[in-house]
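Just below is one structure, and these are the notes that go with it.
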Amino acid sequence: MDSKKWKMKDALMREFNQEKSDSGVSGKRLAERLDTLSMIGRTSDNGSKRPGFSLLEYEAKRTVIKWMKEADLSVRQDGAGNIIGRLEGEQSSLPAIMSGSHVDTVPNGGHFDGTLGVLSALEVAQAWKDTGYLPKKPYEVVIFTDEEGSRFNGGLTGSEALTGDSNIDDLLSKVDNEGRTFKEVIADVSLTVEGFTQAKRDLNEIETYIEVHIEQGKRLENEDLPCGIVNGIAGPYWMKVTFKGLAGHAGNTPMNDRRDALVAASAFIQRVSELPRTINTTSVATVGNIEVKPNGTNVIPGEVILYVDIRDIESESRQELISKIISCGENISQQSDVSFEYKCVHNSLPVPIPSALQEKLAEATKEEGIRPYFLPSGAGHDAMILGRYMPVALLFVRSRDGISHNPDEWSDLSDCVQTVQVLKRYIEKMQELQ
């Protein structure tokens, strides 16, 4: 099928009749803008391919900049390529309320991840213009660069640059799958290493950050709700685990005289999948990378290397799960005469969502006639980076079948519009806080 013949706008509008609400939020405008961005980097599968620092990501940003200006936002780009559209408000000296997300995608991804967050934030500003509302505090709509990190197997690059968390030496050491260096790639979109190092923002200029994002899960669908309030962002802890036994002949080694590293690892993997449920309902643990040595059909495995991804929204319960997983490995080692070694290879702390912000979102949700529902975010977002330095909030939109990072990723327009209404109410409530 010719990808150009598939109109996202038509699919979004098919069961949606609202032209514009009294608040100024327009479903038709949101659908048209989602459709326009979906055509930039459209794949043959009707997915989206806009890698970070690509000309396609740049084109998507330029398109949104045009819409920002239509909403009377002043626009600037920092040295990392982050785009900030600003409405000064009645008191421009006050710290700003910021909202946004990203427009880069994974290869052959969907059309809502990131993009919906940017357009939702922009729709608030456009609705204000259309209804003549001027906020007390400055309002900023942000497009963060390279959130997905598909080009250099990283991610959150723009938000880390804005907060000053970038490791420039690490970035300069990166090479993409075409053999091009980070410095060479960013030059394609007129960025420089020097500019990147100067992208750090004075974070005292930002009061708080709120991000709209698709859920990428099924909780809201199971609850039959258009949107939900995130109560915490899980921090990933990656553990490298090595089981060492003794390789031997698969035919001549009796079963009672084996030190099979894979059997030990298998028992460990099974327990890893069970342990989170002994902690709470928000922790998770996954083994998704495993290497068996020598990996021969007729050879008893002598060594297994695997990686465990452990996440929770609370640091204490995450640490409890980590300790239980380590104890599990040690017990299996003693029972099987196979050694167990482990080390941490990545650790990002969970980011709590302040209860006061959750309460404000709950108020806004109820005022829109939606039952407040609280859920964790297992995935990382730009909000996770900003949340290290300021209060942040996160609002999830229902995802059909929980599908994401896939051309079938979908959120109904009605759900998107209701979420924008909640976002708008929330930001207006934040204008009242001192």
Side-chain angles (χ1 to χ4, degrees), residues 29-30 33-34 36-41 48 50-89 96-105 111-126 128-129 138-151 155-166 185-192 194-203 205-206 208-213 381-383 385-386 390 392 423 427:
R29 180 169 55 218
L30 185 60
R33 290 177 172 180
L34 282 164
T36 297
L37 293 182
S38 79
M39 298 303 295
I40 302 172
S48 184
R50 292 192 298 268
F53 303 112
S54 67
L55 293 176
L56 291 169
E57 182 196 37
Y58 181 79
E59 182 182 349
K61 288 178 181 177
R62 305 313 296 178
T63 301
V64 178
I65 286 173
K66 180 185 71 172
W67 296 331
M68 285 178 169
K69 292 179 178 179
E70 290 176 5
D72 290 343
L73 303 182
S74 61
V75 184
R76 68 180 181 86
Q77 174 179 289
D78 68 17
N82 298 316
I83 306 298
I84 298 101
R86 181 178 171 94
L87 179 63
E88 289 300 337
I97 295 174
M98 176 183 278
S99 184
S101 194
H102 62 96
V103 295
D104 67 305
T105 72
H111 302 298
F112 294 83
D113 183 345
T115 301
L116 180 59
V118 170
L119 295 182
S120 296
L122 179 57
E123 185 62 28
V124 170
Q126 185 67 57
W128 284 345
K129 179 189 175 184
Y139 177 59
E140 295 187 351
V141 178
V142 62
I143 309 173
F144 287 113
T145 295
D146 188 43
E147 190 269 357
E148 296 290 2
S150 60
R151 190 161 207 157
L156 304 167
T157 313
S159 50
E160 286 187 339
L162 184 139
T163 59
D165 283 353
S166 295
V185 167
I186 66 173
D188 290 345
V189 287
S190 303
L191 298 177
T192 65
E194 181 183 10
F196 218 92
T197 60
Q198 297 171 354
K200 184 181 184 305
R201 179 84 177 268
D202 179 357
L203 299 179
E205 297 174 353
I206 307 171
T208 184
Y209 174 74
I210 167 75
E211 182 169 351
V212 167
H213 205 281
H381 303 285
D382 290 306
I385 303 302
L386 272 70
M390 67 186 69
V392 299
L423 175 68
I427 294 173

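Values below: every heavy atom of this structure, side chains too, minus hydrogens, waters and symmetry copies.
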Could you state the interatomic distance from OG (S120) to CG (L34), rounded to the nearest 0.5 Å?
-> 8.0 Å
Output the distance between atom CZ (R29) and atom CD (Q126), rounded to the nearest 0.5 Å.
-> 4.5 Å
Any chance you could lay out the side-chain contact (heavy atoms from CB on, under 4.5 Å) test for L73 and L122, step after step, and finish with the verdict?
-> CA-CA 9 Å; L73 303 182; L122 179 57; 4.1 Å; yes
Measure from the side-chain N and O atoms of E140 to the backbone N and O of G85, and report whether any donor-acceptor pair falls under 3.5 Å.
-> no
How are the rings of F53 and F196 set to each other: parallel, tilted or perpendicular (split at 30° and 60°)?
-> tilted
Do the ring planes of H213 and H381 sit parallel (below 30°), tilted (30 to 60°) or perpendicular (above 60°)?
-> tilted
Criterion side chain to side chain contact (heavy atoms under 4.5 Å, CB included) against V64, the qualifying member of I83, L37, V141 | L37
Could you go step by step and tell me if I186 and T192 meet the side-chain contact (heavy atoms from CB on, under 4.5 Å) rule?
-> CA-CA 7 Å; I186 66 173; T192 65; 5.6 Å; no
Value rounded to 0.5 Å, distance of CG in L156 from OG1 in T145 | 12.0 Å
Salt-bridge criterion met for E205 and R86 (N-O under 4.0 Å) | no
Nearest heavy-atom pair of D78 and A80: which atoms, and what distance?
-> OD1-N, 2.9 Å
Does the pair E59/K61 count as a salt bridge with the N-to-O cut at 4.0 Å?
-> no
Minimum heavy-atom distance between G100 and A121, given as atom pair plus value = N-CB, 3.9 Å
Check whether any side-chain N or O of S99 sits under 3.5 Å from a backbone N or O of I210 as a donor-acceptor pair, and report yes or no.
-> yes
For G79 and A199 the tightest heavy-atom approach is N-CB, 4.1 Å
Pick from R33, H102, R50: which one makes a side chain to side chain donor-acceptor pair (under 3.5 Å) with T115?
-> R50
At what distance, to the nearest 0.5 angstrom, does OG of S101 lie from CG of D113?
-> 7.0 Å
Y209 vs D382 side-chain heavy atoms within contact, under 4.5 Å = yes
What's the shortest heavy-atom distance between E160 and G155, and which atoms?
-> OE1-O, 4.3 Å
Without swapping roles, check the side chain of D104 against the backbone of E148 for a donor-acceptor pair under 3.5 Å.
-> yes
Hey, could you give me the CG/CG distance between L191 and N82, rounded to the nearest 0.5 Å?
-> 9.5 Å
Just how far is it from atom OG1 of T63 to atom CD1 of I143, taken to the nearest 0.5 Å?
-> 9.0 Å
Do L119 and L30 touch side chain to side chain, with heavy atoms closer than 4.5 Å?
-> yes
side-chain contact (heavy atoms from CB on, under 4.5 Å) between T208 and M390: does it pass, once the steps are laid out?
-> CA-CA 6 Å; T208 184; M390 67 186 69; 5.7 Å; no
Which atom pair, heavy atoms only, marks the closest approach of H111 to S38?
-> ND1-CB, 3.5 Å
I would like to know whether M98 and E211 meet side-chain contact (heavy atoms from CB on, under 4.5 Å); could you show each step before the answer?
-> CA-CA 9 Å; M98 176 183 278; E211 182 169 351; over 6 Å; no
Of T157, V392, T163, L162, which is the lone residue that meets side chain to side chain contact (heavy atoms under 4.5 Å, CB included) with I385?
-> T163
In short, E57 meets P51 closest at the heavy-atom pair CB-O, 3.5 Å
